[in-house]
Structure formats: C-alpha cells, structure tokens
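Since the structure comes first, as structure tokens, the remarks are kept for the end.
Lettering of chains follows the sequences in order, A, B, ..., and the numbering in each one begins at 1.
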Amino acid sequence: MKVRRMEKRLSLMEKLAIPEILKGLSITFRNMFRPKVTRQYPEERYEAPIALKGQPLLVENEDGTPRCVACSMCEVVCPAMAITIKAEETERYIEREPEEFSIDMLRCILCGLCEEVCPKEAIIMSDRYELANFTRESLVFHKDRLMTPIKELEGRIRFTKEKFDKWHR
Amino acid sequence: MTTAFLIATIIKVLVLFHMVPIMVSLLTLAERKVSAWIQFRYGPNRVGPWGLFQPIADGLKFFFKEELVPEGANPFLFRIAPALAAGPAMMTVAVIPFTFPILIDGQPFSMAIADINIGVLFFIAMSGLGVYGILLGGWGSNNKWSLLGGLRASAQMISYELSMMMSVITVVMLTGTMNLGEIFSFQGEHTWILFFFPVGTIAFVIFLIAAFAETNRLPFDLAECETELVGGFHTEYSSMKFALFFMGEYSAMFTMSCLLATFFLGGPTFFGLIESIDSLWLRALIGFLVFAAKVGLFLFFYIWVRWTLPRFRWDQLMHLGWKILLPISILNLMATGILIATGVLS
C-alpha cells in the first residue's frame, strides 16, 4: 500500500523558528489590548433571554388571587416530583384554588413541563437563575414565595402562548 | 571603615535583600495579570485596588495550608530541597550593582551588596547550585513524576549552562573585568555589549534563550511539565514548601533579568545621558530608575513568552541545547578572541 505522508514541508524561515516566534509574540501582544470578554459577575449581571427556563413561579391575578385552579396536572407531569398541591374550595367563579402549593427547588430540574401542561397559564418559568442558598428548608418554595404579580411575568406568558400555540390548535 | 560607611552598608543590605521577596510577590501578580490580558480576561481585581494585595492573600493561603510529607519520602532531602531552590536564587542578588556608586565619607560606595571582583564567577556558581533544590526535591519525594521532573531539570541545566557561560565569557572578554560594576561602567564609556555587532548580539541572544532554560520557564519548563508529569518536581509539595519553590523560580527570573540588563544593556547607563549628571546622588537615583526599567522590560518579556509559546519536546530541547546553541556560543567565543587579538574590538 502506498503511504502518503501528510507532513508539511517547512520553509527555511520556518525552520529558523525565530521569525515564527516573533510572529506569535506579536499576536499575543496585540491581544493584550483587545476588549475583555469576562463578565464581572456580581456587578454585571447576566440578562436572561426570554426563552430561559428559570425558577417556576405561580401567577397572581391583578386582584391578588391565584390563577391556579389546583387541577394537579403539573404535579402529575413533574418528572422530578418536585410539586406538591393541596386543593381547597373557593367562593370565586373558578371554585377551586390551591391551599398549599410548594415546589422543592432541590428536586426541580427546570424542565418546564409544568408550564407546558398548565391549562390556565398559572405556572410560568421565570428568568430567576440564582437558585443557591444555605439550608435545605429555604429551597422548598411555598405559595407565599411563588405567587408573583402577573405584570412581572407578562413577557414569558406571551412567549409561551406563541411557543406552545395553546389556544389556536 | 567608618561608622557612616557601616550604617550605609547595613541599610543597603536590608533594602536590597528585602527587594527580592517584594519583587517576587509583585511578579506573581504580574504573571497572572499579563496572562489574563493575553487571554482577554481581567485577572485578579478583587483584593485591593487592581488586585494589588492578591500576593498577600496568596501568601496567607500558603501559610495556612496543611503540610504533607508523602510516605516513603526522604524526610531530610524533602525538607531541605525548597530552601536549596530559593536560597541560591536569592543570593545572586548580592553581586548585582543596582545603580552608580555614590560617595560616603569621600569613598566610592558601590550599590551592590558584595562588590567583589569575581562577581561573574559568583553568579555562575550560584546558578549552578540552583538545580540541586529541584533535583533533590524530585528525588526525595518518592514519586515517579517528581523524579522524572528532577532528572529533566538537571539534564536541562547542564546542557544550557554551558552555552550560557560561554556567552558570559564573551562579555568578560569584551569588558576585561569580572566585576559587575565595572562591566556596566565599561559599557557606559563605550557602548552596550548588545551593540558589539556581531559577537555581543549573538551572546545576548544565547544568554536570553539559556536564561529561560536556567529558570525553568516556558518554553523550557520540562521540569514541571504539567501535561506529562502532573506537577514535575513539586508534585508532592504543599503549603509553604511549594511557595518556596515558586519564590526560587521567580527570584531566579528577577536575578536573570538584572544580569541581562547589566551584561548586555549597560545596567543603569543610557547612552552617556545619565553619566553626565554631576550630582552623585541624583545620578544614582536616575540610574536606578533606568536599571529598573530595563529589568522590567526583561521580566515582562519572560511572562509574555510564557503565555505565547508551547513547551518544547524533550528531544527538541536537547537538540537545541547541544547541537545549536553550544556550537554557536563556542564559535562566538572564538570570534570574539580573534576580533580582540586583531584589534578590531578593543
């Protein structure tokens, strides 16, 4: 079998090495004055794009009531079993609302299935990505910490409407 | 010897000796900063303004780390090796004249700690000792990678020290003295050795390349060689012992830069401008600043090259040392002799 050598033949200038070294040095010297790419994190924060799936939150209507009807769809679909819902009756038109709604952020994998499955657009993935804390208890989010005014989540709600095409199928 | 002379000497020794650890700590910061800039990063900027106190934080961290002596290590050699690495590198500073001599009690007062007539020999002896720290550290650790690193360091030192000394002898032949202070004053009277074309220039290039190998810096850091040997000779070292190896490396870098500036760039002289200043004190001060600028240039070059070039392969290193640099330096030495004998250079 004929063997073809793929080695590059070096020219005399390349064999002398010193001109090539100087070339390399000039590249690194120019690099020193180029703009930096580092993000100075605590001061310069990452602005999450709308498609980012962060901490799931519950939507709170303008009158302060939860949108959630406690249908338990998200609880069933959650692959990590992070959601726990206890339903109760309410005088409002929707008749049911969650008495207890908790998301265990130690288990949550931020997959967004709960948001996808929700018939009421009541659970929405937010852009909150700083999910570290010191105790296990503080990472189990209850209703009081999950309820978020609808105004803060409007962008993401519009995005999910387009993404899942929920009401026009 | 008068009292004023004695006091001045003590002050000189204290200042110059403490300059080395301070330079070493600043160099570690400079290394990290320059590497960061080359890689489009900012580098340490949290501890103090522009990260200036980062070396202190690093030093404190080294002090509080656990000291570990591996099982089967030779305890004596393992403990003495870091001191042997750092000591000789720092001692070389003793012969370096940092600036022009001043007058104390009517006598010229040299700015080198030891103004000896065999300054060049002292430097050669000390840089030869530097390898023992690395070799014994590698041998005493009872670790195959450390041993390989130590072996490589010693082989590398032997092969590059020869060509380095040949180029130093070229300088000695040209200047006709082994006293470092007289070497730079000769260059002030004539011109820098670097401009003694071609012999001085070739000697400069050889010394520059060999200095990289002597201080175990990239592209010749085969003694450390992270990709093959974990950490090389300091694989098993921790805490302050590890820091001492680092101090040895950086102070060797500093002394090598000082020597490069003294041998080839005329030390504190600058084309007769500074020598013409009449006031001795002012002349010494400005001379010191010029010397510092030259040394800084070389230190920056060291760091710059480290973050530019990849590591040489072992056989390439040996090839370069024995087959290229050594013959060139010997020929250069002979050419210098012929040029001086025929009176072209005097």
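Contact of B:Leu309 with chain A is made through the side chain alone, with heavy-atom distances under 4.5 Å. Within the 4.5 angstrom heavy-atom criterion, no atom of A:Glu20 approaches chain B. Interface residue A:Phe29: backbone and side-chain heavy atoms are both found under 4.5 Å from chain B.
Heavy-atom neighbours of B:Trp314 CH2 from other residues, nucleotides or ligands within 6.0 Å: above the threshold of 12. In the displayed structure, A:Phe134 atom CZ is contacted under 6.0 Å by at most 12 heavy atoms of other residues, nucleotides or ligands. Atom CD of A:Glu130 is surrounded by more than 12 heavy atoms from other residues, nucleotides or ligands within 6.0 Å.
Applying the side-chain hydrogen bond (donor to acceptor under 3.5 Å, both in side chains) rule to B:Glu249 yields the partners B:Arg217; only residues at least two apart in sequence or on another chain are considered. Checked against side-chain hydrogen bond (donor to acceptor under 3.5 Å, both in side chains), B:Gln316 has no partners two or more places apart in sequence or in another chain.
Here side chain to side chain donor-acceptor pair (under 3.5 Å) pairs that include residues 292-304 of chain B, with residues two or more places apart or in two chains, are A:Thr28-B:Trp304.
Here CH2 of B:Trp307 is found 13.0 Å from CE of A:Met32. Values are rounded to the nearest 0.5 Å. For the atom pair CZ of B:Phe40 and NZ of A:Lys36, the computed distance is 9.0 Å after rounding to the nearest 0.5 Å.
Residue with the most contacts toward chain B among A:Ile18, A:Leu25, A:Ile27, A:Val37: A:Leu25 (heavy-atom pairs, distance under 4.5 Å). The candidate from B:Val205, B:Thr308, B:Asn45 with the greatest count of non-hydrogen atom pairs under 4.5 Å with chain A is B:Thr308.
Judged purely by distance below 3.5 Å, without hydrogens or angles, the side chains of A:Asn31 and B:Gln39 never pair a donor atom with an acceptor atom.
Chain B is approached within less than 4.5 Å, heavy atom to heavy atom, by no residue from residues 80-96 of chain A.
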